[in-house]
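No experiment lies behind these values; they were computed from the predicted model shown. Note on naming: letters A, B, ... go to the chains in the order of the sequence lines (proteins, then strands), and numbering restarts at 1 for each one.
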Amino acid sequence: MPMEKTFNAAEAEARISKTWLEAKAFAAGANAKPGHPAFSVMIPPPNVTGSLHMGHAFNNTLQDILTRWHRMMGDDTLWQPGTDHAGIATQMVTEREMAKAGKVSRREMGREAFTLKVWEQKRRSRGTIIGQLQRLGASCDWDREAFTMSGAPGAPAGEEGNFHDAVIKVFVDLYGKGLIYRGKRLVNWDPHFETAISDLEVENTEVPGHMWHFKYPLAGGETYEYVEKDAEGRVTLREVRDYISIATTRPETMLGDGAVAVHPSDERYAPIIGKLCEIPVGPAEHRRLIPIITDEYPDPTFGSGAVKITGAHDFNDYAVAKRADIPCYRLLDTRAQMRADGVPYDQAAKIAGQMSRAWLVARGYATPGIVEQPFTLSEAEIDALNLVPDDLRGLDRYEARKRVVEAITAEGLAVTTLKKSVDVETGSEHLELVPYVESKPIMQPFGDRSKVVIEPMLTDQWFVDTAKIVEPALEAVRSGRTKIIPPSGEKTYYHWLENIEPWCISRQLWWGHQIPVWYDMHGNNFCAHNFEAASRLAVSHHSAIHPDRNFVTVEVPDLEGIDFSSSAPFAGSDAASAFEAGLWGDAINEDGSVAIAMRRDPDVLDTWFSSGLWPIGTLGWPEPTAELKKYFPTSVLVTGQDILFFWVARMMMMQLAVVDDIPFHTVYLHGLVRDAKGKKMSKSLGNVIDPLEIIDEYGADALRFANAAMASLGGVLKLDTQRIAGYRNFGTKLWNACRFAEMNGVWEGHATGPAPSPQATANKWIIGETARTLAEVNEALEAFRFDTAADALYKFVWGKVCDWYVEFAKPLFDGPEAAETRQTMAFVLDQCMILLHPIMP
RNA sequence: GGGCGGUUAGCUCAGCGGUAGAGCACUACGUUGACAUCGUAGUGGCCACUGGUUCGAUCCCAGUACCGCCCACCA
């Protein structure tokens, strides 16, 4: 049957792909020759949130090129596939789908039922993703597919595996080594998902904002002489004031102020250090007084030089508050609404007032009239104080802001400025006093998933003490044990790791690895791989304190209605009835033993904590598997430069901390795939391209070749369909050269073998060119220059073989060299296929 | 504010010490034994600017301008 004029990609790709998959041609070690080295690549696991986009297609093409190239050379090759559970993103997608389908909400459904829903979502998405990868021709070992939550409790049948166990083991081990700790810290709080997120998940964006200037009156109507001087020390302003001026972009947080701070060198405020001033909001009869303190943080040249300190809602203020022992009053709930819990405002304000006075006394600032009495509250007691005035409770944060500004302005406590205005009718000018409000751009933090304004929030969270594990990760790259390309990636890597912050790893979500820690009612926590092990820790802990008693444990389910904040011991006959009564506490059993009530931490781990273990986790760690021995450390990681910190750096730290080895020898960082104009592909812009559409229209080969050709190092990758069409034409060109060969019977009696030794000049020449191209391609791929390899192949196949050699061969077929020409052409075209195989399989 | 990159043909990008390259686009011609998803020929560039090093610079160094990206707590 003669060959068609054009190559039918759709038919051929499906047929060939099926053959490969059935033959398990991509299994680890397939085609490996004895004595050859191992070559392993871990796929960056796609999130199970939907389908793959062009960036994935690009990323996976490069991995496949390397994998096929090494497999062809006879290396013991593994390309490890799999997917990522992607906690917050997947939970979000599932909730959205449920809402769209009119289903009940996650909370109505309960944790267990909801988690099953997410598993369903995972299964759907995973199927789509694997299908897409296979259409692309990805030569992963499909029998080894992994998942970052395989084997987790509650996983449905078919989701077995030990990734969950590995994650839990790492948490327990790191906890044991003191590298993971829990603490009440100011963290980034996402009010939409109602969870903490890490610094990396916050996107700071400049938005238009305002800065208000307000007067904080001095307590008791006190006054001082306020003097301003210019750079030469000449007095430019001298007036008697009964207030201190404060600037803020967030007036609603004034309610939680604990102090006003000025720089110690700021002479303007020296007379009032250690005095009290009044927060100008809230019911007039219960205005709170706060101390004026000094701290290095305020910049005397900015604004008024005085800063209000709201420790619970600002990272800078928190640091000041910690230094000066100023209480941090929390104003917002988990949804970023003004708190509505706790005692009424007047009582809370009274207690807070006592705190202020006690602070002054403790610092030796006591002034006559202040009753000297020790007064301290615990962190938990301070946190329980709700200083939101009753009429603002439950309001949205922005509504509260509006009201606070209005109230202060109405009361005349806004700083004013002179404004010239013109009377429209008479044309006369006059001056009037207006509130001083600056309009200016301010940096605002947004959640990368929720797109909602992030709130600094004082909560209990788990952290990885990254400072303690960062050094080996830095050293590995500095010494060249792990190489990052392009080299600019190494600089970025150093810059981030050298300034590493603690990593908040707990998330208030349901989808993820639940933290393996159990709490008792006495403030102890027990970290172990399961409840039995945690129980043993708890029993031995309590037995050491009370050797005369017998202890047993009872695990309290995380149910609604149990008041975990109360720690009143329950003296019922058994623990079970205690929980029925809605209490959380230890119980005395009939045999006299004490049942320690234990409750598991309901939070889950940051998804990057588990994907950070991808290299060892997919190879079966902690079991000492043969694959782990053979394929770890892995050869190359191919990934986008956008997740250098999220994933690459953390994998480096975690692998080194857990198994004391680097996760990979080389990291290849590529840019982000954009559309032809360089715009980010996004659903809202409508410029998202589905890789399958491209494959349907142009064939996977064309897409893959285009991907390889645009893989220059660094920068943005602009994807143009015109270019893909060009490479589709390239395939057709080669196809037709083969068709020409077919028509001249060059394949008859031909078998792939070594290069022939022809006499004709043209034949000798093309064999030389073939060898040269082979060397060029190998050299290019060795250096991860996919673009150079693609370019060399394009020029050889089109520019040499088709343009010249086929033309030279035409007359040769009529002459005495016909036989050797047929032989040579068969060889050369064979070589083309082989050389192209990594890119165009 | 700190860091990292970029600036080469109309467009997208390679090159990186010896007076410039590709693909696409464009122009003209073309059904000669594979290919119109093609062929042949061609148009098109003070390689951002200013200095310096050099026999010689798009390429090295310094500075300037503009553009991008990442990180950052100025109320």
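- Mapping V202(A) and T6(A) onto RNA chain B by nearest heavy atom places T6(A) at the nucleotide closer to the 5' end.
- What separates NE2 of H670(A) from C1' of G5(B) is a distance of 17 Å, to the nearest Å.
- Residue-level contact check: C802(A) touches the bases, meaning some heavy atom is under 4.0 Å from a base atom.
- Atoms CE (M710(A)) and P (G23(B)) sit 19 Å apart, rounded to a whole Å.
- A donor atom on one side chain and an acceptor atom on the other are found under 3.5 Å apart for D257(A) and Y216(A).
- Pair check for C60(B) finds G52(B); Watson-Crick or G-U wobble, both atom distances under 3.5 Å.
- Closest approach to the F302(A) side chain among C74(B), A72(B), U37(B) is made by C74(B) (side chain taken as heavy atoms from C-beta onward).
- Heavy atoms of P456(A) sit nowhere under 4.0 angstrom from any nucleic acid atom.
- Of all nucleotides listed (A34(B), C73(B), C38(B)), C73(B) comes nearest to the side chain of Y297(A).
- Among A72(B), A34(B), C74(B), the nucleotide with an atom closest to any side-chain atom of K810(A) is A34(B).
- Only the C1' atoms considered, U54(B) is 16 Å distant from U19(B), to the nearest whole Å.
- Cation-pi geometry between R728(A) and Y698(A) is not satisfied (NZ or CZ under 6.0 Å from the ring centre, within 45° of the ring normal).
- Distances shorter than 4.0 Å separate some side-chain N or O of K733(A) from OP1 or OP2 on G39(B).
- The side chain of N736(A) places no N or O atom within less than 4.0 Å of a non-bridging phosphate oxygen (OP1 or OP2) of U37(B).
- Side-chain proximity of A247(A) to the nucleotides A75(B), A22(B), A25(B) is greatest for A75(B).
- The nucleotide whose nearest atom lies closest to any side-chain atom of K440(A) is, among G33(B), A75(B), A22(B), A75(B).
- Within the 4.0 Å cut-off from OP1 or OP2 of G15(B), at least one side-chain nitrogen or oxygen of R785(A) is found.
- Using a 4.5 Å cut-off on side-chain heavy atoms (C-beta onward), E776(A) and F796(A) make no contact.
- Pairing of A36(B), defined by two Watson-Crick or G-U wobble distances under 3.5 Å, is not identified with any nucleotide.
- In this structure C47(B) sits in no base pair that meets the Watson-Crick or G-U test at under 3.5 Å.
- If you measure from atom CD1 of I500(A) to atom P of C71(B), you get 13 Å, rounded to the nearest angstrom.
- In this structure, M743(A) atom CE and C35(B) atom C1' are separated by 11 Å, rounded to whole Å.
- When each of A72(B), A34(B), C38(B) is scored by its nearest atom to the side-chain atoms of V806(A), the top-ranked nucleotide is A34(B).
- Rounded to whole Å, the separation between the P atoms of G63(B) and C16(B) comes to 24 Å.
- For the C1' atoms, the distance from U31(B) to C38(B) is 11 Å, rounded to whole Å.
- R739(A) comes within contact range of the sugar-phosphate backbone alone, with a heavy-atom separation under 4.0 Å but no base atom that close.
- Taking only side-chain nitrogens and oxygens, K491(A) never comes nearer than 4.0 Å to OP1 or OP2 of C69(B).
- Side-chain atoms of D199(A) lie closest to A72(B) of the nucleotides A72(B), G3(B), A34(B).
- A donor-acceptor contact closer than 3.5 angstrom links the side chains of T253(A) and K308(A).
- Distance Y436(A) OH to A75(B) P: 13 Å, rounded to the nearest Å.
- A22(B) is paired with U12(B) under the criterion used here, namely a Watson-Crick or G-U wobble arrangement in which both key atom distances are under 3.5 Å.
- Residue side chain D720(A) does not reach the base of G23(B) through any donor-acceptor N/O pair under 3.5 Å, judged by distance alone.
- Nearest-nucleotide positions on RNA chain B for A725(A) and Q722(A) put Q722(A) closer to the 5' end.
- With both ends at atom P, the span from A48(B) to U27(B) equals 29 Å, rounded to whole Å.
- Interatomic distance, T482(A) OG1 to M651(A) CE, rounded to the nearest 0.5 Å: 10.5 Å.
- The gap from the C1' atom of C11(B) to that of A25(B) amounts to 7 Å, rounded to the nearest Å.
- Within 6.0 Å of CD on E748(A) lie no more than 12 heavy atoms contributed by other residues, nucleotides or ligands.
- Using atom P as the reference point in both A9(B) and A14(B), the two lie 12 Å apart (nearest Å).
- In this structure, CE of M211(A) is placed 18 Å from P of C73(B), rounded to the nearest angstrom.
- G305(A) comes within 4.0 angstrom of a nucleotide base, judged by non-hydrogen atoms across all strands.
- For C13(B), one of the phosphate oxygens OP1 or OP2 lies less than 4.0 angstrom from a side-chain nitrogen or oxygen of K718(A).
- At a threshold of 4.0 angstrom between heavy atoms, the contacts of D295(A) with the nucleic acid are absent.
- Remark: the E807(A) side chain and the A34(B) base include a donor-acceptor N/O pair separated by less than 3.5 Å.
- Heavy-atom minimum distance, W747(A) versus A826(A): CZ3-O, 3.9 Å.
- One cannot find a donor-acceptor pair under 3.5 Å joining the base of U12(B) and the side-chain atoms of R723(A).
- Comparing the P positions of G44(B) and A34(B) gives an interatomic distance of 35 Å, to the nearest angstrom.
- Taking only side-chain atoms of S488(A), from C-beta outward, the nucleotide of A72(B), C4(B), A34(B) with the closest atom is C4(B).
- If you take atom P in U64(B) and the same atom in C73(B), they sit 28 Å apart, rounded to whole Å.
- Across all strands shown, the partner of C69(B) is G3(B), judged by Watson-Crick or G-U wobble contacts whose two distances both fall under 3.5 Å.
- Side-chain contact, D606(A) with W503(A): a donor N or O sits under 3.5 Å from an acceptor N or O.
- Listed pair W798(A) / G39(B) meets the phosphate criterion, a side-chain N or O lying under 4.0 Å from OP1 or OP2.
- The side-chain tip of R478(A) points at the ring of Y494(A) from less than 6.0 angstrom away and within 45° of straight on.
- Atom-to-atom, CG of N204(A) to P of C69(B) comes out at 15 Å; the value is rounded to the nearest Å.
- Of all nucleotides listed (C73(B), A22(B), C35(B)), A22(B) comes nearest to the side chain of D791(A).
- Each of A34(B), A22(B), U37(B) was ranked by its minimum atom distance to the side chain of R728(A); first place goes to U37(B).
- Atom OH in Y805(A) sits about 20 Å away from atom P in G33(B), given to the nearest Å.
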